[in-house]
Amino acid sequence: MSKYTFRSIEEKWQKYWAENQTFAAKNAVDQPKFYVLDMFPYPSGAGLHVGHPLGYIASDIYARYKRHKGFNVLHPQGYDSFGLPAEQYAIQTGQHPSKTTRDNIARYREQLDRMGFSFDWAREVRTSDPDYYRWTQWIFIELYNSWYDPDLNQARPIQALIEIFESEGSAGLKQTMDALESDFDVAQWKNFSDLEKEAVLSHFRLTYLAESEVNWCPELGTVLANDEIVNGVSERGGHPVVRKKMKQWSMRISAYAQRLLDGLDQLDWPEPLKESQRHWIGRSSGASVCFDVAGHSDQIEVFTTRPDTIFGVSFLTLAPEHELVSKITTSAQAKAVEQYVEATAQRSERERMADVKTISGVFTGAHAIHPLSGAEIPIWIGDYVLAGYGTGAVMAVPCGDQRDFDFARHFDLPIPNIFQNIEVTQEAYTLKEPCVIDNSEFLNDLNYAKAFKAAIEALEAKGYGKGTVNFRLRDAVFSRQRYWGEPFPVYYKNGVPRMIEFEHLPLTLPEVSAYLPTEDGDPPLGRANLWAWDTAECKVVSLDAVDHQSVFPLELNTMPGWAGSSWYFFRYMDPKNQDEFAGKEALDYWGNVDLYIGGSEHATGHLLYSRFWVKFLFDRGFISVDEPFNKLINQGMILGESAFVQRSKDGKTLVSAACAKDKEVQGVHCDVSMVSVNNELDLEAFIAWRPEYQNATIIKEPDGSFKVKREVEKMSKSKFNVVNPDDICDQYGADTLRLYEMFLGPLEQSKPWSTAGITGVHGFLKKLWKLYHTGAQDGFLVNDEAPSPEALKVLHKTIKKVNEDIEQFSFNTSVSTFMIAVNELTSLRASQRAILEPLIVLMAPYAPHIAEELWSKMGHNSSVSGQPYPVFEPKYLVESSKTYPISFNGKTRFTLELSLELSKDDIEAAVMADARTQDQLKGRMPKKVIVVPGKIVNIVG
RNA sequence: GCAGAAGUGGUGGAAUUGGUAGACACGCUGGACUUAAAAUCCAGUGGACAGUAAUGUCCGUACGGGUUCAAGUCCCGUCUUCUGUACCA
């Protein structure tokens, strides 16, 4: 009997696929397209562990399935090879990031190839490749040369805005939050200097240079975007983050807030993911209200979602960073205010968040005038007001907002009640309904909705406010004080940023003497010998040449990691194009990604930025789709099962897990490779690895074994619980790995990796192999006889189920379906071509190597890939009769064999005619007979 | 605090979307083959009770109620666990 030699089979077919370009996608053919994409990996130094391929296997199954279904499938892969970790790794190992990145990619590729993925490698992209980032730089320039027209609700060339200024000035423009300080007319515009004009335009450009409060991470030596900060510390490394004012490039994603929100409704994405984007965009409607400051010409603008409570305002609170703080503070309060502002500035974001319960603040001494009642109300400063949200100032309504209430209580400020019949002495009443307004002049006796409207109308009439919509979404900081990223195609002429003409791109990364940024944020590119732009020669020259008339300094920052990943899915469509980021024909043919698989951790980063860039490229007519990813699936994370050796506190005793119950012990990570499936530790190996336990006392189980404690954690090198897919491929083969990862459970669910059940899946493949070799000595026995009805039934049952499973992405159940099919066909001794050939095609997406081998043994000399998917024929499943359970009052009494051809009434009649029914009824008349055809008959007596 | 998802044997997980709960696999038990082990194959495996047995009856999908001839599935309440998010005015 021929043996299932998976190693040679897998090697053979991987080679075959590579040589024959089996999975090359064709551009613009007369065939329906399907684009299946994985979130491309970050080639880290650690290589892949078994968790990484989960999504790749799922997408590969789907891609292969779609090929069988007659689609022209684009299923590419590449590398997100710019960014912080690659650089950190380079700093640690003292090598050039381009070298470590290349090495890491080579390792990744080797691992990926072993798993038999059907990627079209001819289309590979790398974000750190100059041929690629040339186009990232191009998009940056296009963004710079565009503005968002709120009238047309789309991005347009900046030239159109300049023409408006030249012909009618600024007065006619609808403004957003980032308004101009004052309007200007045509004559004024013409008199502006270049610097002044640029200052005006920078309020409109979709990427702009601005002095802004940023999240500065001293440890990493760079600024971070909001989505790169988790719980007040950096996502990478967990370092503290402080706020700092710096001149930075920003992306005006806020211009797209409403469209990014609206677009979500059309997408087939998991609801939790959409929710988290909605929350991140954070639309809230309310009113902006202006308060005059007594004795000053300045106004304080606040945003509120509760204009209906405007008569409940008893003070204003400004964020400590608010620009008017120093201006309006009275001399008597100056010292206290200064101290308070200083103290808050020194606290890191994390401290501020950790300590939300402590109420702090200080009085400015100034007063504001209530726009409707005319009352004087004190202006306070408090750090519960965030500079980054709304206007950085709030109108405090202590009776209607708990934070305002707490602040008022703490500083003994008045808490006027404006709600009828509601007690607000203990806590604020924060509900909108049910409540009726009181003590509020013309708002009295109105409910929330009516008062909301009336208050806004009154404010608008007086010119002190208007109804507005506020978004939480901030513009994204786009500069990083880092080396390993895309250089900005920007030089500075008299302090004004200028774009390098496109034909001179890419602007490639220069060599530098050290990659590490300085702690106060001087970027590594400042160390480059050659980093100035010669506008005459159109090339990079030495900074020493800056005196020369045509030479100007280049931007020293680089772009963030998400720059390259925001558009890579388009480059796969036409990766070699030198004239465009992708050709129009390719873009129109492939459209957008039909199926995108990746982790949910990118909800507010990559997945939001990509949508922003795609909408921009759409507005400017470069592409014809305005959303990048139609359907998205978040694969769950595969967790590691860490192993802990229990030891006494002093480290002198090692205790086996089951004996450690009532002893005081602590767990020490040990490498999972030293632990067997039943949790038994290879003590010798452990002590060789950790010699400090050489002389430790060892307490074993009564049976002499030493057991470890297991715990589920994230898979990571530092937890010694990493399982390498290479090892699984060596031991069981890639097909087993693929099937097993799918078999583990639903794709979207997180689950721990356990090798325990893998033998079941491996055994199944052996059985499958055997099925095709029945009877013959060494050979393959497949005959051309007519298949039995039973075998046909098994086949078509399987076709139907597997088809349904794939379409619903429940790959785990189709693996079970295959197991059942093979078991049944084995016991039927089915060896007919008409059964076994379709079965191969059915299995090919899941276990492609063994499928190819069996397919070729069938006598075919082409790949099984793309062979027509077997068609389900219902006639093979039709049974001549079915056994119905007959139940009385819901309890099954007996079963009855009935023909399927019978109608509902016929079944009922047949049941009633049966002697056993009559016996059960004992002469009574049934109240009701319920018949569900094909399922059940219930008689209610 | 808010939002979302989930809770089924010893374990991972099925259940045609309201129709015979526990498919399939792991593990475990017993058996076959073997000097032995591994591998392989066969049988059993939710619980309780009755029976020599085939089998039968009852209880069972976190907990408490409800709708229905019929509920793991739908509705109400409670508890628990994950996963986001958090002074958002």
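A note on names: the letters A, B, ... follow the listed sequences, proteins ahead of strands, and every chain is numbered from 1.
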>> If the threshold is 4.0 Å, N to carboxylate O, is there a salt bridge linking D268(A) and K274(A)?
In response: no
> Are R278(A) and E271(A) ion-paired here, with the side-chain N under 4.0 Å from a carboxylate O?
Replying inline: yes
>> To check you understand the geometry: which heavy-atom pair defines the closest contact between P752(A) and V712(A), and what is its length?
In response: CB-CG2, 3.8 Å
> In residues 398-411 of chain A, which residues come under 4.0 Å of RNA chain B by heavy atom?
Replying inline: R403(A)
>> Give the residues of residues 272-279 of chain A touching RNA chain B, defined as any heavy atom closer than 4.0 Å, sorted by residue number.
In response: P272(A), S276(A), H279(A)
> Are F291(A) and Y464(A) close enough that their ring centres sit under 6.0 Å apart?
Replying inline: no
Check every atom of [options] against the side chain of [X] and return the nucleotide holding the closest atom.
| X | options | result |
| --- | --- | --- |
| A756(A) | rA23(B), rC87(B), rC26(B) | rC26(B) |
| D383(A) | rC87(B), rA14(B), rA89(B) | rC87(B) |
| Y389(A) | rA25(B), rA39(B), rC88(B) | rC88(B) |

Please report the distance separating the [atom1] of [N] from the corresponding atom of [M], rounded so that it comes out in whole Å.
| N | M | atom1 | value |
| --- | --- | --- | --- |
| rC82(B) | rU8(B) | P | 14 Å |
| rG65(B) | rA71(B) | C1' | 14 Å |
| rG46(B) | rA32(B) | C1' | 28 Å |
| rA48(B) | rA39(B) | P | 31 Å |
| rU20(B) | rU61(B) | C1' | 15 Å |
| rU55(B) | rA43(B) | P | 15 Å |
| rG22(B) | rU40(B) | P | 28 Å |
| rA5(B) | rA89(B) | C1' | 30 Å |

Using the test ring pair (Phe, Tyr, Trp, His ring centres under 6.0 Å), find all partners of [X] that sit at least two apart in sequence or belong to another chain.
| X | answer |
| --- | --- |
| Y846(A) | F818(A) |
| H322(A) | none |
| F405(A) | none |

>> Go nucleotide by nucleotide along RNA chain B from the 5' end; which of G760(A) and T813(A) gets its closest nucleotide reached first?
In response: T813(A)
> Taking for each residue the nucleotide of RNA chain B bearing the nearest heavy atom, is the 5' side occupied by S810(A) or by E271(A)?
Replying inline: E271(A)
Rounding to a whole Å, what distance do you find between [X]:[atom1] and [N]:[atom2]?
| X | N | atom1 | atom2 | result |
| --- | --- | --- | --- | --- |
| M742(A) | rA25(B) | CE | P | 19 Å |
| L747(A) | rA14(B) | CG | P | 12 Å |
| M637(A) | rC82(B) | CE | P | 14 Å |
| N634(A) | rA5(B) | CG | P | 14 Å |
| Q635(A) | rA5(B) | CD | C1' | 17 Å |
| F764(A) | rA25(B) | CZ | P | 10 Å |
| E321(A) | rC88(B) | CD | C1' | 15 Å |
| E641(A) | rC26(B) | CD | C1' | 13 Å |

Partners meeting salt bridge (charged side-chain N to carboxylate O under 4.0 Å, His left out) with [X] (sequence neighbours left out):
| X | value |
| --- | --- |
| E804(A) | K800(A) |
| R283(A) | none |
| K801(A) | D805(A) |

Shorter than 3.5 Å, N or O on both sides, protein versus nucleotides 7-13 of chain B: list them out with atom names.
residue	atom	partner	partner atom	Å
rG12(B)	O2'	L744(A)	O	2.7
rG13(B)	OP1	Q749(A)	NE2	2.6

> Backbone N or O of G361(A) within a donor-acceptor pair of the D383(A) side chain at under 3.5 Å?
Replying inline: no
> Is the backbone N or O of K714(A) less than 3.5 Å from a side-chain atom of N721(A), with the two atoms forming a donor-acceptor pair by type?
Replying inline: yes
> Under a 90° cut-off about 0 for the syn range, is rU85(B) syn or anti?
Replying inline: anti
> If anything within 90° of 0 is syn and all else is anti, what is rG9(B)?
Replying inline: syn
>> Show me the pairs that pass ring pair (Phe, Tyr, Trp, His ring centres under 6.0 Å) and involve residues 738-761 of chain A, at least two apart or across chains.
In response: Y740(A)-W753(A)
> How would you label the contact of K766(A) with the nucleic acid (heavy atoms, under 4.0 Å): base, sugar-phosphate, or nothing?
Replying inline: sugar-phosphate
>> Need one value for K767(A): base, sugar-phosphate or nothing, where a base atom within 4.0 Å counts as base even if backbone is also close, heavy atoms only.
In response: sugar-phosphate
>> I need the full list of salt bridge (charged side-chain N to carboxylate O under 4.0 Å, His left out) pairs touching residues 389-404 of chain A, with sequence neighbours left out, sorted by first then second residue.
In response: D401(A)-R403(A)
> Can a side chain N or O of N823(A) be found less than 4.0 Å away from OP1 or OP2 on rA25(B)?
Replying inline: yes
> If a stem is a run of at least 3 consecutive Watson-Crick or G-U pairs, both distances under 3.5 Å, which stems include RNA chain B?
Replying inline: B:1-7 with B:79-85, B:10-12 with B:24-26, B:27-32 with B:40-45, B:46-50 with B:55-59, B:62-66 with B:74-78
> Are E301(A) and T391(A) close enough that a side-chain donor and a side-chain acceptor fall under 3.5 Å?
Replying inline: no
> Should the heavy atoms of other residues, nucleotides or ligands under 6.0 Å from NZ of K432(A) be counted, would the total exceed 12?
Replying inline: no
